[in-house]
Student: 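Following this message is one structure expressed as structure tokens.
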Number of protein chains: 2
Amino acid sequence: MADPISTPSTSPIASVIESLKQVVGAQGWSTDEAERRSHATDWVGRFFADPLLVLKPSTTFEVSEIARICNDNGLKIVPQGGNTSLACGSIPTGQGDEVIVNLSRLNRIRDIDMFNDTISVDAGCTLASVQQAAEQADRLFPLKLGSEGSCQIGGNIASNAGGTNVLRYGNMRDLVLGLEVVLADGRILDGMRALRKDNTGYDLKHVFIGSEGTLGIVTGAVLKLFPMPSTAVAAVCTVPSLQSALDLLILCKKHGGESLTTFELMPRAGLELVFKHFPSTRFPLGELQDWQLLIEFRSNDGEERVRELFETILSQAFESELVVDAAIAQSIQQNRDFWALREGLAEADFMEGAVITTDISLPLSAVPAFMDACSRAVLAIVPTGRVIAFGHLGDGNIHFGLLQPLGSDSEQFLSRGNEIQSIIHTMALSMNGSMSAEHGLGFVKNDAVAQYRSQVEHDLMLTMKAALDPKSTLNLGKVLRIENGAFSACKT
Amino acid sequence: MADPISTPSTSPIASVIESLKQVVGAQGWSTDEAERRSHATDWVGRFFADPLLVLKPSTTFEVSEIARICNDNGLKIVPQGGNTSLACGSIPTGQGDEVIVNLSRLNRIRDIDMFNDTISVDAGCTLASVQQAAEQADRLFPLKLGSEGSCQIGGNIASNAGGTNVLRYGNMRDLVLGLEVVLADGRILDGMRALRKDNTGYDLKHVFIGSEGTLGIVTGAVLKLFPMPSTAVAAVCTVPSLQSALDLLILCKKHGGESLTTFELMPRAGLELVFKHFPSTRFPLGELQDWQLLIEFRSNDGEERVRELFETILSQAFESELVVDAAIAQSIQQNRDFWALREGLAEADFMEGAVITTDISLPLSAVPAFMDACSRAVLAIVPTGRVIAFGHLGDGNIHFGLLQPLGSDSEQFLSRGNEIQSIIHTMALSMNGSMSAEHGLGFVKNDAVAQYRSQVEHDLMLTMKAALDPKSTLNLGKVLRIENGAFSACKT
């Protein structure tokens with residue numbers, strides 16, 4: 001693609017680009033090729049498509065001006081936060097005149113209200129910086145993701161991020177009280193309200209949360225804060241079956257209520273890879289079973305008390321033969337060691353070889369049957385493949401993946417990705433599940449709605465898009481496949 | 001209005017009505033005048049407008065057929081659940097050919113999933129019946145309203161109901177996982193998913209929740225269930241100021257976390273009326289202060305433990321002079337007695353005389369300044385009026401009301417309702433609050449969006465309405481004032 005900077009200044013597009021540069025000023029755009037390339041490449045380095053320009057506005061007003069100009073002149077906007085999307089939600093698709101609007105310069109913590117338990121932030125704040133600001137005020141902002149040092153609040157909102165604290169605190173959607181959004185035509189929707197109850201007309205913020213930047217550009221938000229739990233105690237258990245794991249979950253909720261923060265599933269095959277690739281990790285129990293759980297309670301009750309709670313639950317669980325073995329962390333270090341097992345799962349997978357992954361969710365009651373049926377289905381296709389299914393069992397969110405057979409060719413294995421994923425997705429759907437629990441659709445899954453949702457749902461989503469972004473200015477080709485959307489983004 | 005039954009059967013409208021009757025069958029409509037009148041009169045008996053017909057479909061398909069026929073033939077639908085709206089959200093407005101579609105015959109509990117902690121219900125189930133079904137499964141469905149014996153789940157969803165458990169469990173919106181909705185043109189949106197995480201495209205359910213039946217007719221829902229807390233312990237405290245109440249709230253959250261379920265404000269003037277009109281009630285402390293609180297913790301920790309928690313909090317509170325006096329309930333009976341004080345507030349008000357009420361919310365930090373400024377503002381207009389402001393302080397939701405002066409004329413006082421409410425609403429708005437926290441807008445407040453929201457918000461809501469209900473078939477004149485909406489509903 002021609003460098004826009006060298007585009008003859010008499011062409012109409014050059015004059016639009018000139019206006020855009022003027023909006024953001026000298027600090028707000030760059031000709032640096034490396035920087036530009038990094039903004040145009042997805043998080044895991046699979047796809048790249050060249051934008052006309054990377055803009056870095058520093059105020060909501062600048063974002064609004066950019067939207068107005070692009071919408072008036074037929075340019076497309078790719079809103080971008082930390083660019084950590086796992087579904088290519090924040091890079092160009094190569095289908096037209098795309099401008100990346102990166103929000104990292106909108107990074108002020110606007111306000112913390114200790115009585116209202118709210119924090120008001122710019123969309124470009126990293127998740128980690130919001131967590132830290134909350135912590136300094138002795139509060140918890142509970143969203144917790146692997147990418148928290150890089151991902152930004154605006155992206156978390158746009159993608160309705162999930163992570164490891166959803167069981168107790170909900171998804172990002174549940175943490176948002178107010179929203180400031182720049183609409184496709186540049187109008188600013190100021191909904192920065194910090195209210196726990198508000199029924200004055202339609203709740204517009206929910207239209208934008210989870211819409212992946214296709215209906216508006218989030219520029220600010222008011223978020224809920226929570227009391228900071230002083231105690232965290234984790235345990236690792238082995239269970240005789242997935243059904244026992246669900247029975248154990250009921251016990252944990254019954255006795256621990258909302259203090260249950262973590263209920264994560266760790267399979268034998270996955271943990272074996274963790275031990276192999278992270279030699280410092282160690283299994284705290286005698287023998288690996290097919291299924292292990294990482295369970296954590298957090299509260300302000302004091303360690304003693306939380307340990308008592310665990311003992312009550314586990315003694316009942318042993319009696320009912322719901323657990324085979326269990327270890328309660330005896331120190332902060334041991335708590336960390338237990339978590340390292342869970343955190344190592346995804347990485348160990350990739351260290352071992354090529355993986356075809358998914359991000360499905362199910363009603364919890366359907367998980368045992370799904371795991372069984374889905375394992376058999378994929379192994380019928382790749383008999384020597386290794387099923388690694390782990391994740392947020394407490395939310396019904398399983399990262400069901402297939403690791404390449406030992407000694408097989410990676411490329412050849414990965415070429416069957418769509419086929420394998422389609423089996424897993426279809427199986428999840430047939431059990432009333434979802435094929436995208438927390439990662440969203442971006443452009444890599446933009447045919448999912450047409451494929452896996454009803455015609456009515458698909459039509460309604462198109463209606464929403466047409467109503468709020470009639471010129472398809474915003475993140476075209478993400479979430480929904482819109483006609484004329486030729487996807488020329490290249491594999492890197 | 002002419003009785004539609006006697007409309008000559010050759011008129012076009014008569015044949016449409018005939019088709020509607022055929023859809024629901026003989027059980028699904030009635031000529032009984034008393035029943036018809038009750039469906040067409042609002043909950044508190046202020047307004048009435050005659051519908052063409054009251055339909056009682058018994059299946060989602062029948063609702064769909066009704067919508068299709070009405071939408072095709074220019075009839076208007078008034079969706080109705082238990083008809084307990086406090087904003088006239090579920091009665092005709094008298095502006096056109098309105099058909100009430102009452103959902104009480106859609107009243108099946110479809111399914112309870114104990115592992116997924118979800119209940120799947122028809123929209124016409126009463127809130128109480130859902131609470132009971134959950135309780136039978138040893139679970140809690142936490143929405144709690146005064147009208148729970150009559151109000152229906154569909155209405156709770158359409159109005160995003162609040163109530164006394166919001167502090168811990170959120171509004172109705174937060175309790176919905178899946179939704180089945182009949183659209184204006186009769187299409188059925190089947191989103192009855194029971195998933196804790198699902199990012200497969202736009203989350204359409206949130207478009208309909210809180211839209212008061214103006215964008216679709218809710219016919220079914222999947223709702224979240226919670227562990228049933230075994231222990232509830234309440235306390236009544238007197239506090240030296242509203243600011244102290246907020247400081248005390250921080251202490252309660254810090255020590256009690258999510259087990260804090262109730263933090264309600266009770267003013268001196270209100271409690272004096274409770275004691276007057278409910279002679280069996282008794283104040284458990286020495287002397288009334290300007291402000292009292294009802295605080296309750298619920299958990300599975302055992303009574304002993306919850307009492308300890310209260311003692312920890314209160315001893316710190318006494319030390320910091322945040323409370324003047326406090327009593328922790330010593331029995332289930334005493335717990336009930338404490339609650340009777342809070343529950344008596346609204347009723348005692350009305351027993352005393354005419355009241356001009358509101359339903360505002362604020363960031364909690366703004367409550368003390370608001371109470372002070374707003375009291376002064378309304379008393380400047382009605383110097384001998386009695387301010388009674390009480391409610392869900394933990395949510396920032398205050399029912400700020402003015403009781404008629406002793407010995408004054410009720411009608412004359414009530415004639416100043418709009419003026420007084422406007423002062424209160426404007427004050428709340430000026431402090432970043434809302435003029436409708438939990439009751440919604442219905443048709444009595446359908447000018448609120450134009451008056452109290454920004455132009456952009458108003459425009460966006462109209463855009464949504466036009467996109468989803470282009471012929472204005474659904475609940476016309478509710479939430480938004482739409483042109484050609486002449487409001488001829490009469491005061492009863």
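We name chains A, B, ... by the order of the sequence lines, and we start the count at 1 in each one.
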Student: If I measure from the heavy atoms of chain A, does B:Ile250 come under 4.5 Å with its side chain, its backbone, both, or neither?
Tutor: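 The answer is the side chain of B:Ile250.
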Student: Please round to the nearest 0.5 Å and tell me the distance separating atom CG of A:Asn397 and atom CG of B:Leu195.
Tutor: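 Those atoms lie 10.0 Å apart.
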Student: Check whether any side-chain heavy atom of B:Leu183 sits under 4.5 Å from a side-chain heavy atom of A:Leu460, and report yes or no.
Tutor: yes
Student: What option among B:Lys253, B:Met461, B:Lys445, B:Glu212 has the most heavy-atom pairs under 4.5 Å with chain A?
Tutor: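 Among B:Lys253, B:Met461, B:Lys445, B:Glu212, the one with the most close pairs to chain A is B:Met461.
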Student: Measure distances from A:Asp359 to the heavy atoms of chain B and classify the residue's part below 4.5 Å as side chain, backbone, both or neither.
Tutor: neither
Student: Quick check for you: to the nearest 0.5 Å, what is the distance between B:Ser436 atom OG and A:Asn199 atom CG?
Tutor: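 These two atoms lie 5.5 Å from each other.
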Student: Could you tell me if the side chain of A:Val207 sits less than 4.5 Å from the side chain of B:Tyr202, heavy atoms only?
Tutor: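 The answer is no; the side chains never approach within 4.5 Å.
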Student: Of the backbone (N, CA, C, O) and the side chain (C-beta and beyond), which part of A:Thr200 lies under 4.5 Å from a heavy atom of chain B, both, or neither?
Tutor: both
Student: Could you pull out the closest heavy-atom pair between B:Ser361 and A:Lys197, with the gap in Å?
Tutor: OG-O, 2.7 Å
Student: What residues of residues 110-117 of chain B sit under 4.5 Å from chain A when you count only heavy atoms?
Tutor: B:Asp113, B:Met114, B:Phe115, B:Asn116, B:Asp117
Student: Does the pair B:Arg193/A:Glu457 count as a salt bridge with the N-to-O cut at 4.0 Å?
Tutor: yes
Student: At a heavy-atom separation under 4.5 Å, does A:Leu246 approach chain B through its side chain, its backbone, both, or neither?
Tutor: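 Both the backbone and the side chain of A:Leu246 come within 4.5 Å of chain B.
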Student: How many angstroms lie between atom OG of B:Ser299 and atom CG of A:Asp301, to the nearest 0.5 angstrom?
Tutor: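 Interatomic distance, B:Ser299 OG to A:Asp301 CG, rounded to 0.5 Å: 8.5 Å.
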Student: Rounded to the nearest 0.5 Å, what's the gap from CD on B:Glu258 to CZ on A:Phe226? Could you check?
Tutor: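 Going from CD on B:Glu258 over to CZ on A:Phe226, the span is 7.0 Å.
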Student: Taking side chain as everything from C-beta outward and backbone as N, CA, C, O, which of these in A:His458 sits under 4.5 Å from a heavy atom of chain B? Side chain, backbone, both or neither.
Tutor: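 Contact with chain B: none, neither part.
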Student: Mind checking the CZ-CD spacing from A:Arg187 to B:Gln455? Nearest 0.5 Å is all I need.
Tutor: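 Answer for the CZ-CD pair, A:Arg187 versus B:Gln455, is 9.0 Å.
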Student: Counting only non-hydrogen atoms closer than 4.5 Å, does A:Asn160 touch chain B with its backbone (N, CA, C, O), its side chain (CB onward), both, or neither?
Tutor: both
Student: Calculate, to the nearest 0.5 Å, the distance between atoms OG and NE2 belonging to A:Ser230 and B:His255 respectively.
Tutor: 9.5 Å
Student: For A:Ser159, is it the side chain, the backbone, both, or neither that has a heavy atom closer than 4.5 Å to a heavy atom of chain B?
Tutor: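 Looking at A:Ser159, just its backbone touches chain B.
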Student: Determine which pairs satisfy salt bridge (Lys or Arg N to Asp or Glu O under 4.0 Å) with at least one residue from residues 157-166 of chain A, sequence neighbours left out, and list them in order.
Tutor: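 Residue pairs passing salt bridge (Lys or Arg N to Asp or Glu O under 4.0 Å), neighbours aside: none found.
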Student: Which one of B:His439, B:His392, B:Lys205, B:Met192 has the most heavy-atom pairs closer than 4.5 Å to chain A?
Tutor: B:His392
Student: Please determine, among B:Lys254, B:Lys465, B:Arg453, B:Met464, the option with the most heavy-atom pairs under 4.5 Å with chain A.
Tutor: B:Arg453
Student: As a quick check of understanding, evaluate salt bridge (charged side-chain N to carboxylate O under 4.0 Å, His left out) for B:Asp198 and A:Arg173, giving each step before the final call.
Tutor: CA-CA 11 Å; B:Asp198 184 13; A:Arg173 177 184 299 281; over 6 Å; no
Student: For A:Pro227 and B:Gly257, work out which heavy atoms get closest and say how close.
Tutor: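 Shortest heavy-atom separation between A:Pro227 and B:Gly257 comes out as CG-CA, 4.4 Å.
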Student: Where on A:Ile188 is there a heavy atom nearer than 4.5 Å to chain B: the side chain, the backbone, both, or neither?
Tutor: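 Just its backbone gets close to chain B.
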Student: Where does A:Leu204 contact chain B at under 4.5 Å (heavy atoms): side chain, backbone, both or neither?
Tutor: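 Side chain only.
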